[in-house]
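Because only heavy atoms are used, hydrogens play no part in the values below, and waters and symmetry mates are left out as well, while side chains stay in.
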Amino acid sequence: MSSSDETPGGIQAPVGTDQATRDIAEVAAVEVITTAAVHLMSAAAVKCGLAEGDDAEELKDLDEARKLITALAALVVASAPDIGNQHARSLRDGLRSLQLAFREASVIPDAPGEGPGEKYTGSVV
C-alpha cells in the first residue's frame, strides 16, 4: 500500500486526496461560503471579547477582530448575489452585530464608515 498517489503533474499527493476531492465536490458552494462565514464570525466574536467564560477579556484582540470582520464583510458582500437572500440576510445580520460589538469594545471608536468592513457595508452606527 502506497503512502501517496501520483497526480497528473507527477507530484506525490497524500493518500486519500482523491476521496477528499470527491467529498468536497459534493458540497454546494453556498454551504462552503456560509461555513467559511460562520468560522470568521466565531473567530471575530472571540476576538471582540464575546467569548463565554472568565477568560473572555484575555482572548480579546481588536486588531485581529478588525481583520476578521473586514474579511467577513468582503465575503458577505461579494457572495450575497449568488447565495440568495435567505442566506445573505442572516450573514448580514451577524456581520452587523459584530461590527457593533467591535465599536462598543473599542476605547476610541472609529469614525462612521471607518470601522471594520464598513468600506464594504457602509457605516453601521
Side-chain angles (χ1 to χ4, degrees):
M1 183 182 232
S2 169
S3 65
S4 62
D5 297 328
E6 186 86 15
T7 63
I11 299 170
Q12 297 293 314
V15 170
T17 302
D18 288 340
Q19 182 61 46
T21 300
R22 282 191 295 276
D23 290 346
I24 197 70
E26 294 174 10
V27 179
V30 68
E31 289 183 47
V32 174
I33 292 166
T34 56
T35 299
V38 168
H39 285 296
L40 289 168
M41 282 184 192
S42 298
V46 169
K47 299 295 185 175
C48 282
L50 301 176
E52 292 184 15
D54 297 333
D55 62 346
E57 192 63 29
E58 294 173 27
L59 300 173
K60 185 162 67 172
D61 183 337
L62 295 181
D63 183 52
E64 290 288 301
R66 179 183 296 278
K67 293 169 188 168
L68 291 162
I69 294 169
T70 299
L72 175 62
L75 176 62
V76 170
V77 170
S79 64
D82 297 319
I83 64 174
N85 191 47
Q86 177 184 355
H87 296 288
R89 187 178 328 117
S90 60
L91 293 179
R92 281 190 204 102
D93 289 346
L95 170 60
R96 179 173 166 69
S97 294
L98 286 168
Q99 288 172 310
L100 292 171
F102 181 93
R103 186 171 294 282
E104 187 175 306
S106 297
V107 176
I108 303 171
D110 294 313
E114 298 295 318
E118 290 184 356
K119 71 179 179 181
Y120 301 109
T121 64
S123 182
V124 281
V125 177

- Residue set satisfying side-chain contact (heavy atoms from CB on, under 4.5 Å) with Ala88, at least two apart, ordered chain then number -> Ala80, Ile83, Arg92

- Message: The criterion is side-chain hydrogen bond (donor to acceptor under 3.5 Å, both in side chains); which residues satisfy it with Thr121, sequence neighbours excluded?
- Response: Gln99

Only pairs under 3.5 Å count here: list side-chain donor-acceptor contacts from residues 34-41, not counting sequence neighbours, and write none if there are none.
residue : atom : partner : partner atom : Å
Thr34   : OG1  : Val30   : O            : 2.9
Thr34   : OG1  : Glu31   : O            : 3.2
Thr35   : OG1  : Glu31   : O            : 2.7

- Go through the structure and list residues passing side-chain contact (heavy atoms from CB on, under 4.5 Å) with Ala51, not counting sequence neighbours. Val46, Ala56, Leu59

- Note on the structure: When rounded to the nearest 0.5 Å, the distance separating OG1 of Thr70 from CG of Leu75 is 12.5 Å

- Where do Leu95 and Ala73 come nearest, in terms of heavy atoms and distance? CD2-CA, 3.6 Å

- Query: In chain order, what residues pass the salt bridge (charged side-chain N to carboxylate O under 4.0 Å, His left out) check against Glu64, with sequence neighbours excluded?
  - Reply: Lys67

- Item | All pairs passing salt bridge (Lys or Arg N to Asp or Glu O under 4.0 Å) where residues 107-125 contributes a residue, at least two apart | Arg66-Asp110, Arg103-Glu118

- Message: If I compare all heavy atoms of Val77 with all of Tyr120, which pair ends up nearest, and what's the gap?
- Response: CG2-O, 3.7 Å

- Message: Please enumerate all residues that pass salt bridge (charged side-chain N to carboxylate O under 4.0 Å, His left out) together with Asp93, with sequence neighbours excluded.
- Response: none

- Are Val124 and Leu68 in one and the same hydrophobic cluster, where Ile, Leu, Val, Met, Phe, Trp and Tyr link if side-chain heavy atoms are under 4.5 Å apart? no

- Task: With sequence neighbours excluded, tell me which residues meet salt bridge (charged side-chain N to carboxylate O under 4.0 Å, His left out) with Lys60.
- Result: Glu57

- What heavy-atom pair brings Cys48 and Ala105 nearest, and what distance separates the two atoms? O-CB, 3.9 Å

- Message: List the residues meeting side-chain hydrogen bond (donor to acceptor under 3.5 Å, both in side chains) with Asp82, not counting sequence neighbours, and say none if there are none.
- Response: none

- Item | Set of side-chain hydrogen bond (donor to acceptor under 3.5 Å, both in side chains) partners for Asp23, sequence neighbours left out | Gln19

- Heavy-atom nearest pair, Ile69 first then Leu98, reads CD1-O, 3.8 Å

- May I ask you to list the residues sharing a hydrophobic cluster with Ile108, side-chain cutoff 4.5 Å, ordered by chain and number? Val107

